[in-house]
Protein chains: 2
Amino acid sequence: MVKKKKTTIKDIANVLNISPAAVSKALHDDSRISKKTKKAVKQVAKNLNYQPNHLASALRRGKSNLVGVIVPRTNSHFFSSVIQNMEEILNNEGYNIIITQSSESFKKECNNIDTLLFTQVDGIIASMANETVDLQYFEKIKSKGIPLILFDRGENDLNVDYIGINDYDSSHMIVEHLVQQGCKRIAHIGGYKHTRIFNNRIRGYVDALKKHNLPLDNELLLESSLTTEDGREKMLQLLALENRPDAVYVAGDYAALGALQVLNERNIKLPQDIALVGFGNEPFAAMVTPSITSINQHSAEIGKQAAKVFLEHAKKDTVNQSLNKIILKAELVIRDSSRLK
Amino acid sequence: MVKKKKTTIKDIANVLNISPAAVSKALHDDSRISKKTKKAVKQVAKNLNYQPNHLASALRRGKSNLVGVIVPRTNSHFFSSVIQNMEEILNNEGYNIIITQSSESFKKECNNIDTLLFTQVDGIIASMANETVDLQYFEKIKSKGIPLILFDRGENDLNVDYIGINDYDSSHMIVEHLVQQGCKRIAHIGGYKHTRIFNNRIRGYVDALKKHNLPLDNELLLESSLTTEDGREKMLQLLALENRPDAVYVAGDYAALGALQVLNERNIKLPQDIALVGFGNEPFAAMVTPSITSINQHSAEIGKQAAKVFLEHAKKDTVNQSLNKIILKAELVIRDSSRLK
DNA sequence: TATATTTGCTTAAACGTTTAAACAAATATA
DNA sequence: TATATTTGTTTAAACGTTTAAGCAAATATA
């Protein structure tokens, strides 16, 4: 079996005895090409099973119509849903996306960025890895003049477009809810402080405690990688305290799941003994026993907005000066793990 | 802010007063270029922050070094893990991957295929959508002479490389295990019969019943889309039977989860009243209460093998005649939902 | 010393498209 | 009728690489 020669614009031109330029224009519905020619060109294109060579057109036009996406992982509902909604909008505008995963590793993230730049993407939409502190690679994207849009895990210092939720306020909502349930010693298993969103959640937690005149106890505030495994560990740590908390607010659902497992294994009653709240509203939060109260981050909306912000950039040829900082209002979904009354 | 002109091979050539061709060769370590020149070229490339234009080289060389991936969804552990492992191997060989999701929709799958062909990928690795019966779009890939590798959800008729597990035998393992636990009326919530893997699981189930002298009861064999929602529905259907099963083997973990939810809600004891077995060994199978017995599909290995098979094709320039059909041996992970003794 | 080979580069074409500029023919305007 | 405009096309260059072919200089071989 030999490789078939692909049909090009030239082949169509030869059949019709017109120039390749005319064919190109006909296929793009140029106003200066007669209806007759357009029809003929399209017919021949179909007959010869013509597929435009994207590489050639991208090279010539200086844009690839590809958008690079970097996420810590695809197998969480949050990221997968963001991507799916983003993709839909971008596809409609003729863009395709290249998804890459950092697996929370700084090094992989850097590789991903290089890969995407190498592939000549027209823009990058990203959510940063847990490990990432050094922003130099993201600066590299900016310095190439390629639109960069961050969502969820972003950084203020980078001064780029951002779509996320109001993390600070979300913490307030959670603490408020727990106080209403009668909780007095509320612990927080937070994410890494160096990540803005987790820092905001911590700040919100601290300030909300103050607001409700609850004392801030340092042993109740833990920093975690927020994996299921680390959630288990940190929960064990809290249970080992002399003065145990009566509520635990975990900054991520996967870690909350780990905490729940430990509580279940120890036969600690939820929410009577300890109330539990997660963050992210992953589908499993509703599936486990007891179901976990969590924060809905509006993943679909985040994906759509990110796509739209990119498209705004793409339409202008100079880099946009005005930054888009879109903060969506999150929603508390109350479930069995914290519903006392 | 104005868009910066990107550094090209020509710029480097101008700096050093040599030809662009020499630069290209120097960057590729051509043996006919002196060490001195190579060193100089690489230094200048670094200074000018040169990034090769992938589009141009892909156009010229007639290959994009991109591999397209089509999966029903990325937010299951199975697919995400397959992709991650595939990616690692392909990246090492200089390939990048473009991930697309069909969301189990035939139409989206066709679009994905068109998109990938349009992007001039060098090969496609795919797992088919649930809806897909018409194979014409996959034939299209083959007819373009582009390597196509299927995994998990594949089709025999297509006559392409395939990597999967021994579904038929897995069903035998499950039935055997349930029989050992003392179950006598084993139901099967299976996937769509038209999909080969699900068909094989059904055949395995039927044959294993025969082997153990259990009667085949048609009301115990249901066809399902295997979503969590449908799992709930089919479980309710089984519970409504006059003569209830004492074990349920579900062909997918998500549907098994739905079944579990229903059983928990009805306070039916697992595994005493009804034993439950899923398929796929999604992480949540170990997380829920009770944990669900399931089949480990070796996602990492599938991903690696798929990548390797693609690379084999890529190395030859004519299409390989000998087909790779790689069938991995799956593993039964026994958990609380079916452990009676 | 004359000839062959190797080394290190250049030239020029090619990949398949897009597009500015040119141009002839058809049509409109004065 | 002469001139201007519009219509429909062609020409040719460009996008940034790669690579076959060519060529001069350096080196090896006889």
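From a predicted model like this one, the values you see are computed outputs, not experimental measurements.
With sequence neighbours left out, the side chain to side chain donor-acceptor pair (under 3.5 Å) criterion links B:Glu93 to no other residue. Partners of B:Asn53 under the side chain to side chain donor-acceptor pair (under 3.5 Å) rule, at least two apart in sequence or in another chain, do not exist in this structure. With sequence neighbours left out, B:Tyr50 forms a side chain to side chain donor-acceptor pair (under 3.5 Å) with no residue at all. Taking A:Asn75 as the reference, A:Arg73, B:His77, B:Ser80 meet the side chain to side chain contact (heavy atoms under 4.5 Å, CB included) condition, with sequence neighbours excluded. Scored by the side chain to side chain donor-acceptor pair (under 3.5 Å) test, A:Glu139 finds no partners at all (sequence neighbours excluded). Under the side chain to side chain contact (heavy atoms under 4.5 Å, CB included) criterion, B:Phe118 pairs with A:Pro52, A:His54, A:Asn96, not counting sequence neighbours.
Taking the centre and axis of the six-membered ring of B:Tyr162, the NZ or CZ atom of B:Arg196 falls inside the cone set by 45° and 6.0 Å.
Listed by residue number, the members of residues 112-123 of chain B with any heavy atom below 4.0 angstrom from DNA chain D form an empty set. Residues from residues 35-45 of chain B placing a heavy atom under 4.0 Å of any atom in DNA chain D do not occur. Near DNA chain D, defined here as any heavy-atom distance below 4.0 Å, the residues from residues 49-67 of chain A are A:Leu59, A:Arg60, listed numerically.
B:Asp114 has a carboxylate O that lies under 4.0 Å from a charged side-chain N of B:Lys140, or vice versa, which qualifies the two as a salt bridge.
In this structure, B:Ser34 reaches the sugar-phosphate backbone alone: every heavy-atom distance under 4.0 Å involves primed, P, OP1 or OP2 atoms, never a base. Within 4.0 Å (heavy atoms only), A:Ser24 reaches at least one base atom of the nucleic acid.
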Output side-chain donor-acceptor pairs under 3.5 Å for residues 298-311 of chain B, partner residues at least two apart or in another chain, one line each.
| unit_1 | atom_1 | unit_2 | atom_2 | d |
| --- | --- | --- | --- | --- |
| B:His298 | NE2 | B:Lys329 | O | 2.8 |
| B:Ser299 | OG | B:Ser81 | OG | 2.8 |
| B:Glu301 | OE2 | B:Gln305 | NE2 | 3.0 |

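B:Thr100 places a side-chain N or O within 3.5 Å of a backbone atom of B:Val69 that can act as its donor or acceptor partner. Side-chain atoms of B:His313 do not come within 3.5 Å of backbone N or O of B:Ile146 as any donor-acceptor pair.
Axis deviation across the helix from C:dT1-D:dA30 to C:dA30-D:dT1 amounts to 40°, comparing end segments of five pairs, rounded to 10 degrees.
For the pair A:Asp11/A:Val15, no side-chain contact is recorded, criterion being any heavy-atom separation below 4.5 Å from C-beta on. Counting heavy atoms from C-beta on, the side chains of A:Asn91 and A:Tyr95 never come closer than 4.5 Å.
Atoms CZ (A:Arg32) and P (C:dC23) sit 14 Å apart, rounded to a whole Å.
Here chain A contacts DNA chain D (any atom closer than 4.0 Å to a heavy atom, that is under 4.0 Å), and the contacts span D:dT7 to D:dG16 from 5' to 3'.
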Kindly determine whether B:Glu109 and B:Met128 satisfy side chain to side chain contact (heavy atoms under 4.5 Å, CB included), including the steps that lead there. CA-CA 8 Å; B:Glu109 193 171 74; B:Met128 287 166 49; 4.1 Å; yes

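When each of A:Ile97, A:Leu90, A:Ile98 is tested with A:Leu66 by the rule side-chain contact (heavy atoms from CB on, under 4.5 Å), just one qualifies, namely A:Ile98.
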